[in-house]
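Throughout, protein chains are lettered first and strands after them, A, B, ... in sequence-line order, and every chain is numbered starting at 1.
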Protein chains: 2
Amino acid sequence: MRAGRETGFRSHRAGVSVVTIQEVAKAAGVSSMTVSNVINDHPNVRRETRARVLEAMTRLGYRVNVAARNLRKGRTGTIGLAIPEVDSAYYGQLAAAIIAAAERRDLRVSIEQTGASPESELDALSLSRNRLYDGLILSAAGLGQADAERLRVDHPVVILGDRIFGGPVDHVAMPNLDASRAATRHLLSRGCRRIAIMCGAVEEIDTSRLRLAGYRLALEDAGVPVDPALVQQVGRLGMREGARRAREMAESGLAFDGVFCVTDALAMGVLRGLADVGIRVPDQVKVIGFDNVASSEFLVPSLSSIDPDHDGMAARAVDLLIQRIEQPEPSTRHAEFVGSFSVVIRESTDG
Amino acid sequence: MRAGRETGFRSHRAGVSVVTIQEVAKAAGVSSMTVSNVINDHPNVRRETRARVLEAMTRLGYRVNVAARNLRKGRTGTIGLAIPEVDSAYYGQLAAAIIAAAERRDLRVSIEQTGASPESELDALSLSRNRLYDGLILSAAGLGQADAERLRVDHPVVILGDRIFGGPVDHVAMPNLDASRAATRHLLSRGCRRIAIMCGAVEEIDTSRLRLAGYRLALEDAGVPVDPALVQQVGRLGMREGARRAREMAESGLAFDGVFCVTDALAMGVLRGLADVGIRVPDQVKVIGFDNVASSEFLVPSLSSIDPDHDGMAARAVDLLIQRIEQPEPSTRHAEFVGSFSVVIRESTDG
DNA sequence: TTGTAAGCGTTATCAC
DNA sequence: GTGATAACGCTTACAA
């Protein structure tokens with residue numbers, strides 16, 4: 001294991017030597033502390049000394065060992081972001097917003113994919129508690145209200161999403177109810193009276209349940225009866241499911257003149273499914289989605305949608321996490337923040 | 001800094017105690033080594049001892065300190081994946097494929113966004129060399145052939161992409177030339193004779209240049225002259241640029257009956273742009289993309305595309321990286337792997 | 001302005 | 001099967 005300590009070299013792997021701060025110090029004729037001070041831009045180093053150290057660092061090819069630094073500092077400068085999938089437009093955009101917000105606060109972000117399983121989400125939590133990250137932003141899709149207590153950890157965590165409210169953690173949520181109500185109201189304002197909603201299962205408190213509630217409120221506001229046949233629940237909130245269900249709805253003879261989809265992915269599928277069966281959007285049926293993913297603007301017809309304030313939510317989540325990291329006051333009450341939204345009107349409802 | 005060592009508690013942050021292996025050891029009446037052996041599932045621990053240790057661990061709420069372990073082991077069990085953007089369908093799918101491949105090899109993946117800037121890409125490289133990751137898969141978009149030498153590092157790196165060939169690193173590339181030739185040939189086979197290509201600037205060796213070369217070859221194969229007016233270079237390979245340029249092409253009076261777009265994002269934009277000016281796809285113009293992103297199947301019309309073997313490329317990249325990690329033979333020749341592809345025919349070329 | 005000493009929490013080594 | 005010891009490479013605290 002030891003290989004020529006005297007020579008000033010140690011190796012982890014055959015043939016590859018690792019330069020330490022000590023070796024730089026020896027080469028520059030200073031102590032290791034001075035090297036450390038140079039690395040960390042501490043003021044109390046003479047220009048000349050600094051130059052000598054820097055020269056030695058370059059010459060030897062020195063690289064900090066982040067693991068050692070993290071161990072010593074008890075901080076990593078990195079936060080974890082756990083999302084269900086990296087290959088979805090929505091979570092991609094969310095991740096980009098979080099990265100941007102964290103960067104402004106000099107934090108790195110490490111993205112972790114959970115596949116929406118409760119186990120993986122708890123794993124991510126563990127890793128964070130294991131001091132791999134200074135804190136974790138968890139976009140919960142697998143864990144539910146019943147698991148709220150498991151989030152009672154002595155480590156900074158912010159929950160993003162709609163499955164856990166009032167838990168023992170800070171929480172940033174979407175404006176589900178109001179936004180869905182507005183989306184449905186928009187369809188009503190365009191003359192729709194038989195408005196379907198396409199959502200996921202609503203056993204738990206989650207995105208689908210909240211958005212369904214908004215839909216119902218809007219219909220009640222307008223005095224339009226809620227027809228259970230128009231509540232279409234699908235297994236996954238993806239394009240394939242949206243397309244298939246839209247075709248089924250049309251072929252079953254169900255009468256509808258509008259569809260509110262709880263995600264843009266579903267809505268993209270619906271546009272496709274309606275095209276398959278020759279239903280014209282927006283002439284015969286109007287469609288609105290939720291999330292305003294980047295591609296919605298470029299679909300044919302372009303897709304009306306709810307634009308949630310990704311950037312605002314991301315900034316808030318990062319802020320909350322940083323607060324917890326810097327001042328972990330276990331007794332502090334936990335924040336619940338709900339983002340804002342706007343209705344983006346495009347061709348799919350503009351007929 | 002020290003807070004009641006006697007009580008068995010130490011704290012990094014006010015009010016938050018951190019349980020160490022030592023404390024578990026004391027509580028279980030064993031040495032810290034035995035605890036370590038239990039944690040790491042070493043065989044040489046008596047069942048009874050193991051039980052006692054596990055009980056103490058649970059009782060005290062022990063969590064490994066990953067930083068300490070990484071420092072001691074010289075390994076992190078994590079590889080870095082540096083991609084230009086996390087909010088693009090293509091890179092999202094690529095990341096998902098890499099994560100899946102790495103998971104099969106018991107490696108975690110940390111995703112890093114570079115924004116396609118050379119500096120960020122070199123940053124990612126540094127972090128990896130700083131032993132934050134065991135190795136790095138770098139999807140280069142900012143660095144070019146001229147920077148190849150900067151990749152000569154004593155640390156495992158695999159380059160993914162088309163901007164650096166024959167560099168001092170392992171390299172996994174797309175089948176650009178053949179696939180573009182096949183895409184163009186497909187348009188020819190559907191009767192197109194005035195085929196435009198939409199690509200990025202081609203100053204350097206990169207995706208656009210290689211795909212343009214494939215396009216030219218296919219035309220030459222078929223004896224169709226290459227009209228420079230049909231080579232449309234745009235600034236970014238995104239939807240917005242595709243849409244704008246398609247409109248401009250149509251409005252300028254340029255005659256074309258097919259468009260080969262070097263990314264599906266461009267192609268989505270083109271479909272939109274052509275719709276804006278009332279050109280019917282595929283009747284008047286046929287369109288084919290490249291990448292076969294998930295949404296292409298659901299567009300109206302659905303988009304023909306080149307399906308690169310993401311999974312195969314991802315698996316290969318991870319394999320190569322693992323080889324380098326496990327047996328860092330600096331002298332080994334560097335591998336160049338080119339993936340396979342298939343042409344996926346959909347409505348946009350099927351008229 | 002610079003150096004000394006100690007220790008962050010873990011695991012490899014080797015002795016028992 | 002278990003334990004004592006010594007690092008891993010770095011930075012905080014304090015002394016010079």
Side-chain angles (χ1 to χ4, degrees), chain A residues 1-5 8-13 16-26 28-53 57 60 62-77 129-132, chain B residues 1-3 5 8-13 16-26 28-53 57 60-77 129-132:
Chain A
M1 191 63 198
R2 292 275 235 45
R5 214 198 191 312
F9 284 108
R10 208 171 301 98
S11 64
H12 280 187
R13 307 186 309 243
V16 181
S17 60
V18 175
V19 181
T20 72
I21 243 180
Q22 313 282 348
E23 284 145 16
V24 174
K26 185 177 288 182
V30 297
S31 80
S32 61
M33 250 342 278
T34 302
V35 178
S36 174
N37 285 334
V38 169
I39 293 168
N40 296 288
D41 276 327
H42 278 271
N44 288 349
V45 181
R46 230 177 28 209
R47 279 169 45 94
E48 187 190 292
T49 316
R50 179 183 304 271
R52 216 164 61 243
V53 170
M57 278 173 40
L60 299 180
Y62 172 78
R63 319 247 96 222
V64 254
N65 181 319
V66 185
R69 171 182 288 175
N70 289 348
L71 173 58
R72 180 62 235 224
K73 286 207 181 176
R75 285 279 180 88
T76 65
R129 296 170 69 193
N130 291 351
R131 318 196 148 275
L132 186 61
Chain B
M1 191 67 196
R2 291 275 234 45
R5 213 198 194 313
F9 285 107
R10 207 171 302 97
S11 64
H12 280 187
R13 306 185 311 241
V16 180
S17 61
V18 175
V19 182
T20 72
I21 242 180
Q22 313 282 349
E23 285 146 16
V24 175
K26 185 178 288 183
V30 295
S31 80
S32 60
M33 251 341 278
T34 300
V35 178
S36 174
N37 285 334
V38 169
I39 293 167
N40 296 288
D41 275 328
H42 279 269
N44 288 350
V45 182
R46 232 179 23 213
R47 279 168 45 93
E48 185 188 293
T49 316
R50 177 183 305 271
R52 216 164 62 243
V53 170
M57 278 173 40
L60 299 180
Y62 171 79
R63 319 248 96 221
V64 251
N65 180 320
V66 185
R69 171 181 289 175
N70 289 348
L71 172 58
R72 180 62 237 223
K73 287 205 177 179
R75 284 277 180 88
T76 64
R129 296 171 68 193
N130 292 351
R131 326 199 86 76
L132 186 62

Any residue of residues 38-53 of chain A with a heavy atom less than 4.0 Å from an atom of DNA chain C: A/N44, A/V45, A/R46, A/T49

Calculate, to the nearest 0.5 Å, the distance between atoms [atom1] and [atom2] belonging to [X] and [Y] respectively.
X	Y	atom1	atom2	value
A/T76	B/L132	OG1	CG	8.5 Å
B/M57	B/R63	CE	CZ	8.5 Å
B/T49	B/N44	OG1	CG	11.0 Å
A/L71	B/R69	CG	CZ	13.0 Å

Comparing B/V30 with B/A68, nearest DNA chain D nucleotide closer to 5' gives the residue B/V30

Any N/O donor-acceptor pair, B/R72 side-chain to D/dA7 base, under 3.5 Å: yes

Value in whole Å for how far the [atom2] atom of [N] lies from [atom1] of [X]:
X	N	atom1	atom2	value
B/R75	D/dG9	CZ	P	15 Å
B/N37	D/dA4	CG	P	14 Å
A/K73	D/dG9	NZ	P	18 Å
A/N65	D/dG9	CG	C1'	6 Å
A/Q22	C/dT4	CD	P	11 Å
A/N70	D/dC10	CG	P	12 Å
A/L132	C/dG9	CG	C1'	15 Å
B/K26	D/dG3	NZ	P	14 Å

For [X] and [N], is the shortest distance between a side-chain N/O and OP1 or OP2 below 4.0 Å?
X	N	result
B/S31	D/dG3	yes
B/S36	C/dT11	yes
A/T34	C/dG3	yes

What does the inter-axis angle of the helix from C/dT1-D/dA16 to C/dC16-D/dG1 come out as, five pairs per end, nearest 10 degrees? 30°

Closest non-hydrogen atom pair between [X] and [Y], with its separation:
X	Y	value
A/L60	A/V19	O-CG2, 3.2 Å
B/R50	B/H42	NH2-O, 3.1 Å
A/I21	A/S32	CG2-CB, 3.4 Å

For a 4.5 angstrom cut-off between non-hydrogen side-chain atoms, does B/K26 reach B/T20? no

Is any side-chain heavy atom of A/I39 closer than 4.5 Å to one of A/Y62? yes

Closest to side chain of A/M33, choosing from D/dT11, C/dT10, C/dC8: D/dT11

